[in-house]
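Here the structure is laid out as structure tokens; the discussion comes afterwards.
Counting starts at 1 for both ligands and their atoms, in listed order. Computed from a predicted model, the values in this text were never measured in an experiment.
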Amino acid sequence: MKKQLIAGNWKMNGSLQSNAALVAALAAGAGSAQCLVAVCVPAPYLAQVQLLVAGTRIDLGAQDVSQHESGAFTGEMSAGMLREFATRYCLVGHSERRQYHGETDALVATKAQRALAAGITPIVCVGETLAERDAGRTEEVVKRQLAAVIHTNGHCISEIVVAYEPVWAIGTGKTASPEEAQQVHAVLRAQLQAATAHADRVHILYGGSMNAANAAQLLSQPDIDGGLVGGASLKPADFLSIIAAAR
Ligand code: 13P
């Protein structure tokens, strides 16, 4: 069975000083982890955190990537640039980027393609809003979001990570119940199975107010292969508890 993956998403948080303290605490505590561990950091800190995680169990991740390869795209970061800092993972299509930066399904699919081409594993985020859940549209929304990535990436689809993050659970303290989350994860797994013979290889992470108290139950579900953790990933004790709950 594959190891679970616990990835922290620092979002727009951190400083040179606080990053050093956080990674030192995580590296010290994660030495005996059973699972894979990653931190997705703000781009200006990639060089710093690359050095901090070298020789530890922790892999480096970025939070976004350009859909373009290079050129006149002010403010953007290419996958090739991220790769130069030994970036192993890159979030694409986080709901905050879909919501505040107008990222479409097609754009997210192209970003995933750029990451894959550079040897970076895209962590493709999908998830429904509260209004969509209330309207009974959860499955339709997450399947549409994942379908675009499958369509663009073809047989490479077994190389991605998927993160199911219900928008209503992000930063709200409201978590999907383990059963609610598992139900959506099973839908996503079936969709991957229809696209590749290697769907079992794909990590499907849950994200949205995962914390030390609820992680074990969520991570015990058959199709939950890890977590994408926001707020709790900034607190070493909490993030280490989640890591300890993973297998
Ligand atoms: P929280 O864990 O803070 O709810 O954030 C989840 C998230 O958006 C991770 O990408």
Side-chain angles (χ1 to χ4, degrees), residues 4-14 18-19 22 26 35-43 45-46 49 58-65 82 87-101 103 108 111-112 115 120-130 132-133 138 141-142 145-146 149 160-178 180-181 184-185 188 203-219 221 224-246:
Q4 292 186 324
L5 166 62
I6 303 296
N9 174 9
W10 292 0
K11 308 194 179 184
M12 200 172 71
N13 294 290
S18 66
N19 300 344
L22 175 55
L26 295 180
C35 63
L36 304 170
V37 180
V39 289
C40 298
V41 311
Y45 297 130
L46 285 169
V49 179
I58 305 167
D59 281 318
L60 182 60
Q63 297 178 7
D64 187 30
V65 64
L82 298 180
T87 300
R88 168 95 175 70
Y89 300 100
C90 182
L91 303 179
V92 297
H94 191 281
S95 64
E96 287 149 17
R97 297 218 52 94
R98 293 180 190 261
Q99 188 179 346
Y100 306 134
H101 301 272
E103 293 198 2
V108 171
K111 289 185 171 197
I120 295 171
T121 302
I123 301 179
V124 176
C125 304
V126 301
E128 82 287 4
T129 63
L130 186 57
E132 287 163 343
R133 173 161 284 260
T138 298
V141 169
V142 298
Q145 292 171 331
L146 183 58
V149 180
I160 73 167
V161 170
V162 178
Y164 169 54
E165 298 206 304
V167 177
W168 48 272
I170 294 177
T172 57
K174 289 186 198 144
T175 320
S177 70
E180 281 171 332
V184 178
H185 282 234
L188 295 169
H203 285 88
I204 307 179
L205 313 182
Y206 169 80
S209 298
M210 186 180 265
N211 58 38
N214 61 29
Q217 265 209 312
L218 287 159
L219 293 169
Q221 297 299 311
I224 299 187
D225 305 311
L228 182 56
V229 185
S233 75
L234 299 169
K235 301 176 195 149
D238 292 27
F239 196 51
L240 287 169
S241 297
I242 296 171
I243 289 168

Tell me the contacting part of Ile170 for ligand 1: side chain, backbone, both, or neither, using a 4.0 Å heavy-atom threshold, strictly below. both
Just which atoms of ligand 1 are under 4.0 Å from any heavy atom in Leu228? 9 (C), 10 (O)
Is there a side-chain contact between Ser233 and Asn9 (heavy atoms, below 4.5 Å)? no
Counting from 1 in the order shown, the ligand 1 atoms closer than 4.0 Å to a non-hydrogen atom of Ser209 are 1 (P), 2 (O), 4 (O)
Among all protein non-hydrogen atoms, which one is nearest to atom 2 (O) of ligand 1, and what is the separation to 0.1 Å? Gly230 N, 2.9 Å
Taking 4.0 Å as the limit for heavy-atom contacts, which would you say applies to Cys125 with ligand 1: side chain only, backbone only, both, or neither? neither
Side chains of Met210 and Leu219: does their closest heavy-atom pair fall under 4.5 Å? yes
Residue Gly231 vicinity, atoms of ligand 1 by number, heavy atom under 4.0 Å: 1 (P), 2 (O), 3 (O)
Numbering as shown, the atoms of ligand 1 that approach Ala169 to under 4.0 Å (heavy-atom distance): 4 (O)
Without swapping roles, check the side chain of Arg98 against the backbone of Cys125 for a donor-acceptor pair under 3.5 Å. yes
As an exercise, identify every atom of ligand 1 less than 4.0 angstrom from a heavy atom of Gly208. 4 (O), 6 (C)
I want to check something: taking the side chain as every heavy atom from C-beta on, are Ile120 and Val65 in contact at a cut-off of under 4.5 Å? no
With Ile160 as reference, evaluate Leu146, Ile123, Ile204 under the side chain to side chain contact (heavy atoms under 4.5 Å, CB included) test and give the passing residue. Leu146
Minimum side-chain heavy-atom gap Leu22-Trp10 below 4.5 Å: yes
Assess Gly171 for proximity to ligand 1: is some non-hydrogen atom of it under 4.0 Å away? yes
Would you mind running through ligand 1 and noting each atom that sits below 4.0 Å from a heavy atom of Lys11? 5 (O), 6 (C), 7 (C), 8 (O)
Side chains of Arg133 and Thr138 in contact at under 4.5 Å (non-hydrogen atoms): yes
What is the nearest protein non-hydrogen atom to atom 7 (C) of ligand 1, stated with its residue, atom name and distance? Glu165 OE2, 3.1 Å
Derivation of the side chain to side chain contact (heavy atoms under 4.5 Å, CB included) call for Gln221 and His185: CA-CA 9 Å; Gln221 297 299 311; His185 282 234; over 6 Å; no
